[in-house]
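Positions are given from 1, in the same order as the sequence printed here.
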Amino acid sequence: MNTKNKGFYERYKIEQKNKEKEQELRAKYNISNDKTIVIEKKSKADKLISNVFRILEIILKIILYIGIFGLSSVGATVLMNETLRATLFDLLKAVM
């Protein structure tokens, strides 16, 4: 908030609200009065960006897990089936 353009009373009210929040936090987390409390306020853009990155992280994990599951099921199928195993080895020889 821009407190420079506000009057004395408005700034006083804002400081009182902040002190009340601080006292609530001190009581909630059992913090003694000699310790400093830092209250970090995030803007809506910061919250949006962190949520977008969290969603992307979840999507990438899901894609990774699906890929690992798919490749391991194909590998297990190839190892169990003799004709597919022979075809795979012929394909690997041709590639190398």
Original post:
So does E82 have more than 12 non-hydrogen atoms from other groups sitting under 6.0 Å from CD?
Top reply: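 Open: at most 12 neighbouring heavy atoms sit under 6.0 Å from CD of E82.
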
Hydrophobic clusters join Ile, Leu, Val, Met, Phe, Trp and Tyr when side-chain heavy atoms are under 4.5 Å apart, directly or via other members; which others share one with [X]?
X   : result
F8  : none
I62 : I58, I66
I68 : L64

Measuring from atom [atom1] of [X] to atom [atom2] of [Y], what distance do you get when rounded to the nearest 0.5 angstrom?
X   : Y   : atom1 : atom2 : value
K19 : Y12 : NZ    : OH    : 7.5 Å
M96 : L91 : CE    : CG    : 10.0 Å
L48 : K44 : CG    : NZ    : 11.0 Å

Original post:
Looking at L56, V52, N51, which hits side chain to side chain contact (heavy atoms under 4.5 Å, CB included) with R54?
Top reply: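 With R54 as partner, L56, V52, N51 yield a single side chain to side chain contact (heavy atoms under 4.5 Å, CB included), made by N51.
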
Original post:
For K61, what residues pass the salt bridge (Lys or Arg N to Asp or Glu O under 4.0 Å) criterion, not counting sequence neighbours?
Top reply: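 Expected list: E57.
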
**OP:** State whether R11 and E15 are salt-bridged, where the test is any N-O pair (Lys NZ or Arg NE/NH1/NH2 against Asp/Glu carboxylate O) under 4.0 Å.
**Re:**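 A salt bridge is absent here (no side-chain N lies under 4.0 Å from a carboxylate O).
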
Table please: side-chain donor-acceptor pairs of residues 73-80 below 3.5 Å, with sequence neighbours left out.
residue	atom	partner	partner atom	Å
S73	OG	F69	O	3.2
S73	OG	G70	O	2.8
T77	OG1	S73	O	2.7

**OP:** Quick one: which residue pairs count as a side chain to side chain donor-acceptor pair (under 3.5 Å) with a foot in residues 86-96, not counting sequence neighbours?
**Re:**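 Qualifying pairs: none.
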
